[in-house]
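Computed over heavy atoms, backbone and side chain alike; hydrogens, waters and symmetry mates excluded. The structure presented is a predicted model; accordingly, all values stated were derived computationally and were not measured.
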Amino acid sequence: MDNKIDGSPERATSTTDSSSLHKSESEKYILDRVDHATVRRAVLKMDLTLLPVMTIFYLLSFLDRANIGNARVAGLQKSLHMTDRQYQIAVTTTYVPYILAELPANLLLRKIGPNYVMPTILTLWGIIVILQGFVTSFHGLVVARAFLGLMEGPMFPGIVLYLSGFYTRAELSLRIAYFFSAASLSGAFSGLLAAAIVNMNGVGNKPGWSWIFIIEGIFSVLVGVISFYLVPATPKDSRFLSEDQKQIITQRLERDRPFVNPLDKFSLSQVLSSLRSPQVIIIFIIYFMGGTNLYGLALFLPSIVNQLGFSPNHTQLLSVGPFAVGFVVTIFVAYLSDRFKSRSIPLAGICVLAVAGYSITLASTNKHLSYAALYLMVPGVYGPTPMVAAWLSNNSEPYYRRATSIALGFVATNTGGILSTWRYPSKEGPKFHKTTIMNLTFALSIMALTLLNALILIRSNKQKKLRRAEILAPYVTEKEPDGGLRAWVELGDEHPDFRYVL
C-alpha cells in the first residue's frame, strides 16, 4: 500500500525547477544547503506564529455559533417564548447562508487575500453576536442567526485552504487538528464561560443568556481587530520569519506541490473536475454524516445532559469533560495520522469510539452511564474531522480544484448540521432513541466508506502508473517529454506522477 505523503510527487523536480529559473542560484538551492534542524526551526516558528491565530479563529467561530445551546439552558427559549420548533428554526437559519457562503468565499480567498478576509469576517460576526444578546423576539433571533451564518461560513474551509498553502501534505492533518481541536475545546470552554456568565443575570436589566452572547461577542471583535496585524497572506509575507526561513518554507511547498505556479489560474473546468471526482463524492457523503453527528453534539450536548436530570448550572460544568477529552484525542489521532502517513486506517479506527458511545446510550438505563457514553461519542465524532479535511486537501490539486473540494466538504458538513437541528426534540430526550440509531448508522457507514475510498485510491494509483505514457501524451513536447508544468496544472491530481494519499 503506497502511503506516500512525505515529499514531492515523482518527477516533480524538473517541473518545479522550470518554474524557478528566474531565481538566483543561491536562492534556488537554499533548501539543499541547510540541515534538517534549520528546516525544523523554520517550520516551528511558522507553527508558533500561525497556528495559535487560526486556532483562536476557529475556537471563536464554533463558540459563537454553538453557544446558543448554553443560552437555551440559561433560559433563552423561555425568555423569548419560543416553542421547540421555533428554536430549531432559529438554529437551522444559521446554516443556510453559512452553506451558501462557503464555496464563493473559498474561490475568492486568494484574490482578495486571506489577510483581509479572515480578520474582517471575524470582526463582523463578533458584532452580530453582541447584537444577538439584545434580541427580544423569535424573529429578531432568526435575523441575527442568519447574518451570523453568512459571516462564519467562510472561516473553516478558508482556514483549511489557507494552511494548505503553508504546510506540506504530510504535515497538514496535525495542523488542522491543532485548530479544529478548538471545536471540542470550545465546547468545554463554552460550558465554563456560561456557568460564570449566567451569574450576571439581571445586570443592566438583562438576563444571563444575553450576557453569554454579549461578553463572547466583544471578545471576538477584539481578536478580529488585532488579527489584521497577525495574518500573513502567504509564507513570504510573514512578519515573523526571516528571509532565509521564508525561502525554505516556499521551496518545501514547491517540492511537495508542483502547482505553486502563476499558471494555476481560476477556471470553471477545475471546479467541475472536483464535482466529478469519486473520492470527493465519497468524502462529501462522509462529511454529511460526520457533520450531522458532530453538530448534534455541539448544539445539543448541554440539553442532553440537562435532560438526564442534572441542574442547569451543573449541566454547564458537566458539559466540559467530554469536550476536553475530545480535544486531547483529536490531537493524538491526527499526530498518528501524520506520523504513520495514513488517513484511512486511523479515520476508520477512531469511529469505533463513536460506535461504542452510541451503542452504550441505546443500551443504558442509568443516567450516569449515559453521561459516561458522551466521553466516547465526542472524541469519536470530533476526532475524524481533521483527517478527513487533510485527506481531501492532500488529494485535490491544483489550487482551485482544492479550494472547490474543501468548500464542498464543508457544505456537506453543514448540511448535516441542518439535519441535526431537527433530530433532538425535547419530548424524545434524554435518550433520543431514533436519533441515536441514526447516528450509530452514520458512524458505521463512515467506517465503510473510508475503506471504500482507500480501495478506489489504491486502484487509481495503480492505473496512473500503468497508463503514464497514455495520460501524458497530449502534453508531451520535444523540450518537455514529461509534459512539463502544463501537464501538472491541467491534470492536477490526475497527473500520473501524483500519488493519492491513502
Side-chain angles (χ1 to χ4, degrees), residues 50 52-71 76 90-136 139-163 179-180 182-183 186 189-190 193 197 209-233 295 298-299 403 406-407 410-411 413-414 417-418:
L50 190 65
V53 179
M54 296 299 108
T55 300
I56 291 173
F57 278 11
Y58 192 60
L59 185 149
L60 293 176
S61 170
F62 217 88
L63 186 69
D64 291 341
R65 188 170 0 118
N67 59 11
I68 192 170
N70 299 99
L76 166 71
V91 175
T92 303
T93 301
T94 311
Y95 291 102
V96 177
Y98 192 107
I99 290 168
L100 294 175
E102 288 178 309
L103 179 56
N106 248 26
L107 295 176
L108 291 170
L109 190 67
R110 176 191 276 182
K111 188 171 184 62
I112 298 174
N115 52 320
Y116 297 118
V117 172
M118 291 192 283
T120 298
I121 62 175
L122 174 54
T123 304
L124 291 176
W125 93 50
I127 293 171
I128 294 166
V129 173
I130 294 171
L131 295 176
Q132 200 171 225
F134 291 88
V135 299
T136 57
H139 296 95
L141 182 63
V142 167
V143 171
R145 298 295 295 183
F147 279 102
L148 181 64
L150 184 65
M151 290 296 103
E152 286 199 6
M155 185 58 82
F156 194 175
I159 294 177
V160 174
L161 180 61
Y162 177 66
L163 291 182
F179 88 80
F180 176 76
S186 75
F189 192 48
S190 183
L193 268 180
I197 294 173
W209 64 262
S210 289
W211 285 109
I212 291 175
F213 293 133
I214 294 169
I215 298 297
E216 294 178 7
I218 289 172
F219 186 70
S220 294
V221 171
L222 292 175
V223 173
V225 172
I226 294 170
S227 64
F228 278 100
Y229 177 80
L230 298 175
V231 179
Y295 281 114
L299 295 168
I406 292 170
F410 291 108
V411 165
T413 298
N414 292 293
I418 291 177

- [ ] Mind listing the closest non-hydrogen atom pair of T94 and A90 along with its distance?
- [x] OG1-O, 3.6 Å
TODO: Supply the atom-to-atom distance E216 CD to N67 CG, rounded to the nearest 0.5 angstrom.
DONE: 4.5 Å
Open item on the list: Donor-acceptor check, side chain of N106 to backbone of A403, threshold 3.5 angstrom: yes or no?
Closed with: yes
- [ ] Mind checking the CG-CD1 spacing from L299 to I68? Nearest 0.5 Å is all I need.
- [x] 8.0 Å
- [ ] Would you name the heavy atoms of S61 and E152 that are closest together and state the gap between them?
- [x] O-OE1, 3.0 Å
Open item on the list: Looking at E102 and V411, would you say the former's side chain and the latter's main chain have a donor-acceptor pair under 3.5 Å?
Closed with: yes
Open item on the list: To the closest 0.5 Å, what do you measure between CG (L50) and CD1 (I159)?
Closed with: 9.5 Å
Let me check something: any side-chain donor-acceptor pairs from residues 117-126 under 3.5 Å, sequence neighbours excluded? List them with distances.
| unit_1 | atom_1 | unit_2 | atom_2 | d |
| --- | --- | --- | --- | --- |
| T120 | OG1 | Y116 | O | 2.6 |
| T123 | OG1 | P119 | O | 2.8 |
| W125 | NE1 | D64 | OD2 | 2.8 |

- [ ] State which residues pass ring-ring contact (aromatic ring centres under 6.0 Å, His included) with F156; sequence neighbours excluded, sorted by chain then number.
- [x] Y58, F179, F180, F410
Open item on the list: Rounded at 0.5 Å granularity, tell me how far CD1 in I214 sits from CH2 in W209.
Closed with: 8.5 Å
- [ ] With rounding to the nearest 0.5 Å, note down the distance linking OG in S227 to CG in L222.
- [x] 11.0 Å
Open item on the list: To the nearest 0.5 Å, what is the distance between OH on Y98 and OG1 on T413?
Closed with: 8.5 Å
Open item on the list: Could you report the tightest heavy-atom contact between A146 and T93, atom names first, then the distance?
Closed with: CB-CG2, 3.6 Å
- [ ] Only counting residues at least two apart or in another chain, list the ones meeting salt bridge (charged side-chain N to carboxylate O under 4.0 Å, His left out) with R145.
- [x] none
Task: Minimum heavy-atom distance P157-A407, with the two atoms named - done: CB-CA, 4.2 Å
TODO: Please report the shortest heavy-atom distance between A233 and N115, naming the atom on each side.
DONE: CB-OD1, 3.5 Å
Task: Shortest non-hydrogen separation from V129 to F213 and the atoms involved - done: CG1-O, 3.2 Å
